[in-house]
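Below you'll find the structure, written out as structure tokens, and then a few comments.
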Amino acid sequence: MTPAKLAATVLSAARAVFETRGLDTSALPEATTVERPRNPEHGDYASTLALQLGKKAGVPPRELAAALAEELGRQPGVKSVEIAGPGFLNIRLDAAAAGVLARDIVLAGESYGHTGSLTGEKINLEFVSANPTGPVHIGGVRWAAVGDALSRLLRAAGATVGTEYYFNDAGSQIDRFAKSLYASAKGEPAPEDGYGGEYIAEIATAVQAEAPDVLKLGEPEALETFRRVGVELMFAEIKQSLTEFGVHFDTYFNEKDLHNRGELQEALDRLREQGHIFEADGATWLRTTEFGDDKDRVLRKSDGDWTYFAADCAYYLDKRKRGFDRVVIMLGADHHGYIGRMKAMSACFGDDPSKNLEILIGQLVNLVRDGEPVRMSKRAGTVVTLEDFVDALGVDATRYALARYSSDSPINLDIAVWTRATNDNPVYYVQYVAARTFNVARQAAEIGMARGDAADFRPDLLGHEKENELLKTLGEYPDVVARSAQLREPHHVARYLEEVAGAYHRFYSECRVKPQGDDPVTEVNVARLWLNDATRTVIANGLGLLGVSAPERM
RNA sequence: GCGCUCGUAGCUCAGCGGAUAGAGCAACGGACUUCUAAUCCGUCGGUCGCAGGUUCGAAUCCUGCCGGGCGCGCCA
């Protein structure tokens with residue numbers, strides 16, 4: 001019996017009660033959930049449905065709860081139902097009804113947790129989007145980990161997802177990058193507003209290797225070469241570090257294409273048709289204040305050039321035209337000032353900004369050692385890069401550490417903690433479960449012990465307190481996936497996996513899977529092997545959503 | 001000044017309007033002849049920043065205040 005099935009049972013019991021008593025069934029919700037009480041004395045699961053419906057139905061909650069409890073108590077698999085407090089229903093399941101979950105999970109395998117809760121949604125997810133003027137730095141790293149995890153999560157929830165990296169290789173930042181490379185190649189110091197760090201020298205040298213005569217060209221031609229080749233090399237390097245980090249983008253979108261295809265003009269025309277464009281001081285404006293922005297925004301400057309915001313509009317329109325009904329953009333906290341104009345822009349196109357555009361803001365990350373901020377990059381000066389992270393923590397620990405916290409929280413990651421191979425380190429705590437479950441299965445196989453046919457599985461033998469706790473925890477996984485996807489918050493998955501890990505370790509220390517010594521293999525051992533393998537499935541699936549490996553040995 | 005955001009145990013952080021607010025670390029005390037001790041068990045630890053409001057019920061929602069971070073260009 002999964003929590004979802006139990007919740008459905010509770011709801012149908014409520015419907016039966018309403019019908020017998022002649023109550024208005026329109027007061028019933030479309031769906032309900034059961035929760036796991038913190039206090040084990042409150043049963044396996046609890047429902048607050050009677051509390052919620054009491055007022056609507058005009059029946060005292062406790063009275064409603066009593067009727068519901070009676071009805072529910074007759075359902076197969078339900079062992080007992082108690083009423084507590086103002087009208088909580090505390091439900092206990094038969095060991096057998098709880099235990100079949102182990103078999104269901106094993107049989108579902110990789111698909112366990114794939115809910116379909118977002119089926120039919122077409123979501124565009126943009127993250128990192130760093131310009132190719134340097135290595136991906138600390139803020140981008142957080143989004144690389146969180147954004148990639150979110151894309152996996154959304155897919156697991158059934159959504160169609162397109163991941164996207166937006167970059168600009170024509171703006172003034174790129175000009176400064178080219179000037180910095182040029183200066184470096186000539187042995188001159190970086191320009192006032194240019195880029196520093198050793199990587200500039202490395203890229204400059206690499207450009208000269210590809211274009212040996214570059215310094216003999218006139219300055220405009222030389223700059224153009226440094227710009228073109230430098231961007232190409234830098235971008236290749238960014239893609240390479242992202243690939244090594246396990247992050248792949250479906251689309252790398254170049255701002256220049258928007259200009260070349262006339263999409264900025266098209267966006268402007270579209271906004272004008274909607275009646276939100278006006279001219280003032282020689283410039284063309286979008287009246288974003290109409291939809292709550294602080295001030296109106298310029299799309300085309302008085303000198304005829306487009307603003308960056310105009311490209312944002314065109315890019316948004318482009319995504320929408322490609323059929324994405326939800327445009328999700330992940331930005332650093334320093335960009336939160338864009339939310340107002342972006343939401344207003346969406347509304348100016350006639351969209352619903354609360355549905356079609358989501359902007360997720362991530363707080364900053366500090367890498368610390370002994371409480372002191374780390375400035376460790378040899379290549380990028382004071383900036384900590386993706387490569388620095390991976391060098392210091394490894395891919396698994398970096399991804400896990402960054403995906404473990406709410407993006408709303410600024411985080412301080414202590415290198416000492418995340419490189420330690422002990423249970424201080426949450427990623428090892430979770431991964432160790434994977435290793436243990438593999439090891440248990442290996443050991444069992446060595447003595448010829450096997451799960452056997454699913455039909456012979458004895459769920460009623462999983463009656464131990466620790467088995468019950470583990471089963472209930474494993475049963476929460478689909479809800480965790482659905483909720484994390486809905487909230488766009490992958491950190492719930494990590495926290496949940498830590499709960500699973502705790503439940504498994506406690507099970508492991510009290511319940512033998514493989515018989516001790518030369519003891520014979522019993523049906524209990526076999527039932528536990530199913531539970532062991534179900535845990536491995538959940539841990540592997542969950543870590544997979546975070547892009548973290550589930551090692552067979554540690 | 002205006003806006004966004006955060007404030008929960010000594011530390012790092014969870015916590016969907018539900019019951020006695022949790023986890024890990026730190027501190028202290030236990031458990032390996034056993035399927036991996038990278039683990040488990042126990043003790044200690046709280047004015048959920050403050051004050052109101054909404055209701056059967058608020059750490060959670062609303063308002064105000066205090067404190068930290070960030071943002072407020074015809075820049076990109």
Side-chain angles (χ1 to χ4, degrees), chain A residues 33 35 37-39 41-42 46 48 51-52 54-55 60-61 84-88 90 131 133 168 170-176 255 280-285 293-295 297-309 311 332-340 361 363-364 371 404-406 408-414 417 420-433 435-444 446-447 449 466 479 483 486-487 491-492 494-496 498-499 501-502 504-517 525 528-529 532 553-554:
Chain A
T33 55
E35 52 189 61
R38 291 188 189 286
N39 188 338
E41 288 174 18
H42 294 150
T48 57
L51 286 169
Q52 291 160 28
K55 191 173 238 178
F88 291 101
N90 293 336
N131 276 343
T133 55
N168 167 332
S172 66
Q173 290 182 61
I174 299 288
D175 292 340
R176 296 208 299 273
E255 182 191 342
D281 305 326
T284 304
W285 298 68
D293 193 15
D294 300 337
K295 55 190 75 172
R297 307 291 170 176
V298 171
L299 292 179
R300 183 181 258 166
K301 298 184 250 180
S302 51
D303 66 5
D305 282 351
W306 295 101
T307 61
Y308 193 83
F309 181 59
D334 52 340
H335 286 78
H336 74 249
Y338 294 122
I339 297 176
I361 295 298
Q363 300 296 320
L364 303 180
R404 181 177 188 255
Y405 301 97
S406 161
D408 290 337
S409 303
I411 50 176
N412 298 309
L413 297 182
D414 192 323
V417 168
R420 212 172 286 158
T422 67
N423 63 334
D424 308 11
N425 185 340
V427 70
Y428 283 116
Y429 185 73
V430 175
Q431 285 185 314
Y432 187 47
V433 172
R436 270 191 157 172
T437 56
F438 274 108
N439 190 59
V440 166
R442 263 196 307 272
Q443 298 272 341
E446 277 171 21
I447 62 164
M449 186 179 153
K466 302 301 180 192
D479 273 352
R483 198 166 71 87
Q486 182 61 44
L487 296 172
H491 73 276
H492 295 296
R495 300 299 176 146
Y496 165 76
E498 289 167 30
E499 275 183 48
Y504 179 79
H505 288 314
R506 287 187 286 275
F507 156 75
Y508 181 92
S509 59
E510 289 198 33
C511 303
R512 299 275 318 182
V513 177
K514 182 187 142 190
Q516 199 153 5
N525 296 122
R528 286 174 177 168
L529 186 56
N532 178 77
R553 294 173 202 271
M554 285 174 74

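By convention in this document, chain letters (A, B, ...) are assigned in the order of the sequence lines, proteins followed by strands, and residues within each chain are numbered from 1.
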What string of B, S and - do you get for nucleotides 28-35 of chain B 5' to 3' if you count protein non-hydrogen atoms under 4.0 Å?
------BB
Quick one: do Glu446(A) and Lys514(A) satisfy salt bridge (charged side-chain N to carboxylate O under 4.0 Å, His left out)? Show the steps, please.
CA-CA 10 Å; Glu446(A) 277 171 21; Lys514(A) 182 187 142 190; over 6 Å; no
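- OP1 or OP2 of C40(B) has at least one side-chain nitrogen or oxygen of Tyr429(A) nearer than 4.0 Å.
- With a 3.5 Å limit on both pairing distances and Watson-Crick or G-U wobble geometry required, the stems of 3 or more pairs in RNA chain B span B:1-7 with B:66-72, B:10-13 with B:22-25, B:27-31 with B:39-43, B:49-53 with B:61-65.
- Evaluation of the side chain to side chain contact (heavy atoms under 4.5 Å, CB included) rule for Tyr496(A) yields Thr473(A), Glu476(A), Tyr477(A), Val480(A), Val500(A), Val538(A) as partners, not counting sequence neighbours.
- Rounding to whole angstrom units, CG of residue Asn168(A) and C1' of C75(B) are separated by 12 Å.
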What string of B, S and - do you get for nucleotides 5-13 of chain B, 5' to 3', if B is base contact, S is sugar-phosphate-only contact and - is no contact with any protein heavy atom under 4.0 Å?
SS-----SS
Contacts under 3.5 Å, N or O only, protein and nucleotides 71-74 of chain B:
{"from": "C72(B)", "atom 1": "O3'", "to": "Lys295(A)", "atom 2": "NZ", "distance (Å)": "3.3"}
{"from": "C72(B)", "atom 1": "O2'", "to": "Lys295(A)", "atom 2": "NZ", "distance (Å)": "3.4"}
{"from": "G73(B)", "atom 1": "O5'", "to": "Lys295(A)", "atom 2": "NZ", "distance (Å)": "3.3"}
{"from": "C74(B)", "atom 1": "O2", "to": "Ser302(A)", "atom 2": "N", "distance (Å)": "2.9"}
{"from": "C74(B)", "atom 1": "O2", "to": "Ser302(A)", "atom 2": "OG", "distance (Å)": "3.0"}
{"from": "C74(B)", "atom 1": "N3", "to": "Ser302(A)", "atom 2": "OG", "distance (Å)": "3.4"}
{"from": "C74(B)", "atom 1": "N4", "to": "Asp281(A)", "atom 2": "O", "distance (Å)": "2.9"}

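- For the pair Tyr308(A) OH and A76(B) P, the computed distance is 9 Å after rounding to whole Å.
- Pro515(A) meets the side chain to side chain contact (heavy atoms under 4.5 Å, CB included) test with Ile447(A), Met449(A), Asp519(A), Val521(A), Asn525(A); sequence neighbours excluded.
- Residues passing the ring-ring contact (aromatic ring centres under 6.0 Å, His included) test with Tyr504(A) are Phe507(A), sequence neighbours excluded.
- The side chain to side chain contact (heavy atoms under 4.5 Å, CB included) check on Arg176(A) picks up Ser172(A), Gln173(A), Asp193(A), Tyr195(A), with sequence neighbours excluded.
- Nucleotide A23(B) holds its P atom 18 Å from the OH atom of Tyr496(A), rounded to whole Å.
- Every residue meeting the side chain to side chain contact (heavy atoms under 4.5 Å, CB included) condition with Asp293(A), not counting sequence neighbours, appears here in chain and number order: Thr288(A), Arg297(A), Arg341(A), Ala344(A).
- Scored by the ring-ring contact (aromatic ring centres under 6.0 Å, His included) test, Tyr338(A) finds His335(A) as partners (sequence neighbours excluded).
- Qualifying ring-ring contact (aromatic ring centres under 6.0 Å, His included) partners for Tyr432(A), counting only residues two or more places apart in sequence or in other chains: His505(A).
- Residue Ala501(A) is the one, among Ala501(A) and Ser172(A), whose nearest nucleotide of RNA chain B lies closer to the 5' end (criterion: closest heavy atom).
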Where do N or O atoms of nucleotides 16-19 of chain B meet protein N or O atoms at under 3.5 Å, pair by pair?
{"from": "C16(B)", "atom 1": "O4'", "to": "Arg483(A)", "atom 2": "NH1", "distance (Å)": "3.4"}
{"from": "A19(B)", "atom 1": "N6", "to": "Asn90(A)", "atom 2": "OD1", "distance (Å)": "2.8"}
{"from": "A19(B)", "atom 1": "N1", "to": "Asn90(A)", "atom 2": "OD1", "distance (Å)": "3.0"}
{"from": "A19(B)", "atom 1": "N1", "to": "Asn90(A)", "atom 2": "ND2", "distance (Å)": "3.3"}

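- Distance OH (Tyr432(A)) to P (C40(B)): 9 Å, rounded to an integer number of Å.
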